[in-house]
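Side-chain atoms are counted along with the backbone in the values below, which use heavy atoms only and exclude waters and symmetry mates. Chain A is the first sequence line, chain B the second, and so forth, proteins listed ahead of strands; every chain is numbered from 1.
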2 protein chains.
Amino acid sequence: MAQVDTVTRILDAAEELFAEHGFAETSLRTITTRADVNLAAVNYHFGSKKALIQAVFVRFLGPFYKLVESSLDAHEKAHPDTILSIEDILRFVARAMASVTQGDRNRLAIFMRLLGLAYNQGQGHLRKFLQSEYRSLFKRVMALITKATPDLQPVERFWRFHFMLGSAAFTLSSMENLRAIVEHDFDTKCTEEDVVGYLLPFLAAGIRAK
Amino acid sequence: MAQVDTVTRILDAAEELFAEHGFAETSLRTITTRADVNLAAVNYHFGSKKALIQAVFVRFLGPFYKLVESSLDAHEKAHPDTILSIEDILRFVARAMASVTQGDRNRLAIFMRLLGLAYNQGQGHLRKFLQSEYRSLFKRVMALITKATPDLQPVERFWRFHFMLGSAAFTLSSMENLRAIVEHDFDTKCTEEDVVGYLLPFLAAGIRAK
DNA sequence: TTTTGAGTTAAACGTATGTTTCAAACAGTT
DNA sequence: AACTGTTTGAAACATACGTTTAACTCAAAA
């Protein structure tokens, strides 16, 4: 199956390069060279560069989406009518992410950086695509957060949710650089788990503020 | 003085377009067209596109830098040996930003999006430039935060500082979109001041977590 | 009035990009 | 072995980009 190999190699290369340099700054020639694949392969297998970008996201978010859904399903079946705490919710999401990205060391950073790019870059077409594709998961998590923070005004909860999202996306996406700084300035090494361990209490305290 | 006018018009146009589409996605032709200026004007006045990008940042960060410095100076002269709370520190920064961006309605979002881009995009040359240019302000603010959170371990404080930075950069840079969602989903309008009013307690609670 | 020099303009340059083409190579079926 | 549909390969295509050039404008100095 040379086809699958080619497709996978393209996705692997594109994923890394997109996360490292952004979408516009990464050319198909760079991608196909790193993937050791002919230039025309991208247009043959994906149709266009835009479609390649979307395919990268689908491969990333698909398993993540399913994992969060299924683990939430399992928990609700095992412990019905339980109200999850913010920490619980965050741990569900964090565990799914760790599971999806495990194997590759810095794939979590790639994941978050791609998410950040999707949110900021790409005039609409990518954000629209993701919003329509993953709206139901978003709503489900939001409903859990609502139950966990009953005293919060809806508008303020909305903003605090995005504050959390921003912390995670921004920090985890620059994790390599920040970890390098930590190692240089504090003579300490931080694993991804360490950083997530720092992050979750911060987020939980933030959303419960006041 | 047609010269100053041209330079300013280029900076205005570039600032908006960079924030909206990123650096690589914004061409000099788009900029000069919007600025109603000849294409060659950018290379004539700035030398290159890279230099233009840096000039945009200098015009943004220069006044901000000076304002934070001077207001901190003034406060330390008026109330020496006072330990600022986290809220106080954040208010100093927020006030300087509001002051720099006031006039244009969404210039705060542009500001933050440019900062985010500088952090994620731009292979080094921009980040290096900003780090060397504004290291002293960074260290000063960090020292204040350290005094305000004496019980925190240095490494954890470092991470929490960047969690705060991420919240602010991410949310404020997508403020237009998020405000539109709020208006659609909650039938409520949020001003920039409202969002900052939501943000500061979140950040303060986060950095004080546990 | 002539000269000077910074500023502007239109056109061109070289390069890099995404995409297309079409022939060759391949795998699986008859 | 011959055929068929799919995948690869090298080359070309058209376009968009950042940059450079050289002619031109025009106000201020000489």
Side-chain angles (χ1 to χ4, degrees), chain A residues 1-59 114 117-118 121-126 128-129, chain B residues 1-59 114 117-118 121-126 128-129:
Chain A
M1 300 286 129
Q3 177 201 353
V4 174
D5 254 26
T6 298
V7 168
T8 305
R9 286 218 302 279
I10 291 175
L11 286 172
D12 287 342
E15 171 181 303
E16 274 186 48
L17 290 166
F18 283 153
E20 199 170 342
H21 302 111
F23 300 126
E25 294 89 338
T26 305
S27 71
L28 292 185
R29 281 169 177 82
T30 312
I31 294 170
T32 52
T33 300
R34 154 121 28 147
D36 201 23
V37 147
N38 188 270
L39 168 62
V42 169
N43 286 279
Y44 177 76
H45 288 288
F46 297 93
S48 68
K49 189 183 181 181
K50 269 190 185 180
L52 204 213
I53 295 175
Q54 291 198 353
V56 168
F57 276 87
V58 167
R59 190 176 68 149
L114 287 176
L117 284 178
Q121 250 186 94
Q123 4 129 271
H125 99 282
L126 189 54
K128 297 274 165 61
F129 169 76
Chain B
M1 303 290 125
Q3 177 201 353
V4 173
D5 255 25
T6 298
V7 168
T8 306
R9 285 217 303 279
I10 291 174
L11 286 172
D12 287 340
E15 173 181 301
E16 275 187 46
L17 291 166
F18 283 153
E20 199 169 343
H21 302 111
F23 301 125
E25 295 88 339
T26 305
S27 71
L28 292 185
R29 283 169 175 82
T30 313
I31 294 171
T32 53
T33 300
R34 153 117 33 143
D36 201 24
V37 147
N38 187 271
L39 168 62
V42 169
N43 285 280
Y44 178 76
H45 288 287
F46 296 93
S48 69
K49 190 183 181 182
K50 269 190 185 178
L52 207 213
I53 295 174
Q54 291 198 353
V56 168
F57 275 86
V58 167
R59 192 176 66 151
L114 288 176
L117 283 178
Q121 252 186 92
Q123 2 124 273
H125 92 89
L126 189 53
K128 296 275 167 59
F129 169 75

Rounded to the nearest 0.5 Å, the CG atom of L17(A) sits from the CZ atom of R34(A) at a distance of 4.0 Å
How long is the line joining CD1 of I31(B) and P of dT19(D), in whole Å?
-> 11 Å
In whole Å, what is the span from the CD1 atom of I10(A) to the C1' atom of dT8(D)?
-> 11 Å
Sorted by chain and number, sequence neighbours left out, ring pair (Phe, Tyr, Trp, His ring centres under 6.0 Å) with F18(A) holds for F23(A)
Interatomic distance, H45(B) NE2 vs dG5(C) P [rounded to whole Å] = 18 Å
To the nearest angstrom, the CZ-P distance between F46(B) and dT8(C) comes to 11 Å
Show me the donor-acceptor pairs within less than 3.5 Å that the side chains of residues 36-43 of chain A make with the rest of the protein, sequence neighbours left out.
{"from": "N38(A)", "atom 1": "OD1", "to": "A40(A)", "atom 2": "N", "distance (Å)": "2.9"}

Residues that T33(A) engages under side-chain contact (heavy atoms from CB on, under 4.5 Å), provided they are two or more places apart | none
d(CG, D5(A); C1', dT8(D)) in whole Å = 14 Å
Base-contact (B) and sugar-phosphate-only (S) positions in nucleotides 9-18 of chain D, heavy-atom cut-off under 4.0 Å, - elsewhere = BB-B----BB
By side-chain contact (heavy atoms from CB on, under 4.5 Å), E15(A) pairs with (sequence neighbours left out) V56(A), R59(A), F60(A), R107(A), I110(A), L114(A)
Whole angstrom value for the distance that separates P of dC22(C) from OH of Y44(A) = 16 Å
Any residue meeting side-chain hydrogen bond (donor to acceptor under 3.5 Å, both in side chains) with S48(B), in chain and number order, not counting sequence neighbours | none
